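Please read all numbers here as calculations on a predicted model, not as lab measurements.
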Amino acid sequence: MSERLGDDEWSVREILLHLVHSERWLHPQLMLLRREVAPELPVPRIGGVSLPDTESDASLPELRWALTSVREDTERLLADLSPDHLREPANLELDGDVLDMSLRTIALTAADHQLFHVRQIQRTLGIVP
């Protein structure tokens, strides 16, 4: 879990912690977009669980739990939205910039980010896809 391919590479543990925190970071943006495109729908309760920090020496079971917890929150934010809601463009303020982005676009971007890191884990473990 802690081995690296090189000095400038992340370990599997670091990659998993990054994925947990990047998806959790995405939740406020998803909530804002959800409120804008589907104001009639209640916003589900998410969060409320403490996650291992990015410097943590979390075990594999702890990382699995954290990934599952964050993913369940993401699924709750997207679950009851219609295809039209998902495609509806909405303004999202991100680091001082306003982006015109749909929930579908941000979810696909997040999925692409996660797949990049899955490939990184495969490379670190010597698994050739």
Side-chain angles (χ1 to χ4, degrees):
M1 292 287 291
S2 297
E3 225 172 284
R4 297 174 178 201
L5 288 179
D7 291 340
D8 59 342
E9 296 282 337
W10 287 356
S11 70
V12 171
R13 178 179 285 108
E14 290 168 322
I15 295 166
L16 293 174
L17 284 166
H18 169 73
L19 287 172
V20 165
H21 287 279
S22 62
E23 190 160 341
R24 172 62 66 84
W25 173 85
L26 187 63
H27 290 164
Q29 287 78 12
L30 290 174
M31 273 200 264
L32 287 172
L33 287 171
R34 179 189 169 96
R35 284 187 181 119
E36 190 163 328
V37 302
E40 72 281 5
L41 296 177
V43 177
R45 187 169 177 218
I46 63 165
V49 297
S50 296
L51 300 173
D53 67 45
T54 54
E55 302 301 316
S56 171
D57 195 24
S59 67
L60 186 55
E62 289 172 311
L63 290 169
R64 280 187 185 141
W65 172 84
L67 283 165
T68 300
S69 174
V70 170
R71 175 54 39 90
E72 287 171 350
D73 281 349
T74 302
E75 289 174 4
R76 275 192 286 282
L77 283 167
L78 300 174
D80 57 347
L81 296 171
S82 71
D84 288 341
H85 287 135
L86 292 172
R87 286 186 177 82
E88 176 84 24
N91 291 326
L92 172 66
E93 187 172 329
L94 187 61
D95 298 329
D97 293 324
V98 177
L99 306 172
D100 194 22
M101 188 177 286
S102 69
L103 279 159
R104 180 178 183 273
T105 300
I106 200 167
L108 289 171
T109 302
D112 186 56
H113 173 252
Q114 291 167 0
L115 287 173
F116 168 82
H117 287 300
V118 166
R119 288 185 200 102
Q120 189 180 19
I121 289 170
Q122 289 173 323
R123 198 174 71 246
T124 302
L125 296 175
I127 300 169
V128 180

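- Rounding to the nearest 0.5 angstrom, the gap separating the NE2 atom in H27 from the CG atom in D73 is 5.0 Å.
- Heavy-atom minimum distance, R45 versus R76: O-NE, 3.6 Å.
- Side-chain contact between E14 and R4 is present, with at least one heavy-atom pair separated by less than 4.5 Å.
- The only option from E40, E36, R34 that meets the side chain to side chain donor-acceptor pair (under 3.5 Å) definition with H85 turns out to be E40.
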Side chain to side chain contact (heavy atoms under 4.5 Å, CB included) between L108 and D112, intermediate numbers included: CA-CA 6 Å; L108 289 171; D112 186 56; over 6 Å; no
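- R119 is not listed as a side-chain neighbour of R123, based on a closest heavy-atom distance of 4.5 Å or more.
- For the atom pair R13 CZ and E62 CD, the distance stands at 9.0 Å (nearest 0.5 Å).
- Considering CD1 of I46 and OG of S69, their distance stands at 10.0 Å, rounded to 0.5 Å.
- The local environment of CZ in R64 is sparse, with at most 12 non-hydrogen atoms from other residues, nucleotides or ligands closer than 6.0 Å.
- The two residues S22 and L19 have their closest heavy-atom pair at OG-O, 3.2 Å.
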Trace of the side chain to side chain contact (heavy atoms under 4.5 Å, CB included) decision for T74 with L30: CA-CA 8 Å; T74 302; L30 290 174; 4.1 Å; yes
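- In this structure, L63 CG and M1 CE are separated by 4.5 Å, a value rounded to the nearest 0.5 Å.
- In this model, a donor atom of one side chain and an acceptor atom of the other lie less than 3.5 Å apart for H117 and Q120.
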V70/H21 under side chain to side chain contact (heavy atoms under 4.5 Å, CB included): CA gap, chis, key distance, verdict: CA-CA 8 Å; V70 170; H21 287 279; over 6 Å; no
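- Nearest heavy-atom pair across T124 and W10 is OG1-O, 4.1 Å.
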Test side chain to side chain contact (heavy atoms under 4.5 Å, CB included) applied to V12 and L60, step by step: CA-CA 10 Å; V12 171; L60 186 55; over 6 Å; no
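- Just one of L81, L33, V37 meets the side-chain contact (heavy atoms from CB on, under 4.5 Å) condition when paired with E88; it is V37.
- Following chains of ILVMFWY side-chain contacts shorter than 4.5 Å, one can reach I127 starting from I15, so the two form part of one hydrophobic cluster.
- Using a 4.5 Å heavy-atom cutoff, the side chains of L77 and P44 are in contact.
- The aromatic rings of H18 and H113 sit perpendicular to each other, their planes meeting at more than 60°, with 30° as the lower class boundary.
- In this structure, R87 contributes its side chain and R104 its backbone to no donor-acceptor pair below 3.5 Å.
- Put simply, the side chain of R35 never gets that close to the backbone of V43: no donor and acceptor are under 3.5 Å apart.
- For the residue pair P52 and A66, the shortest heavy atom distance occurs at CD-CB, 3.8 Å.
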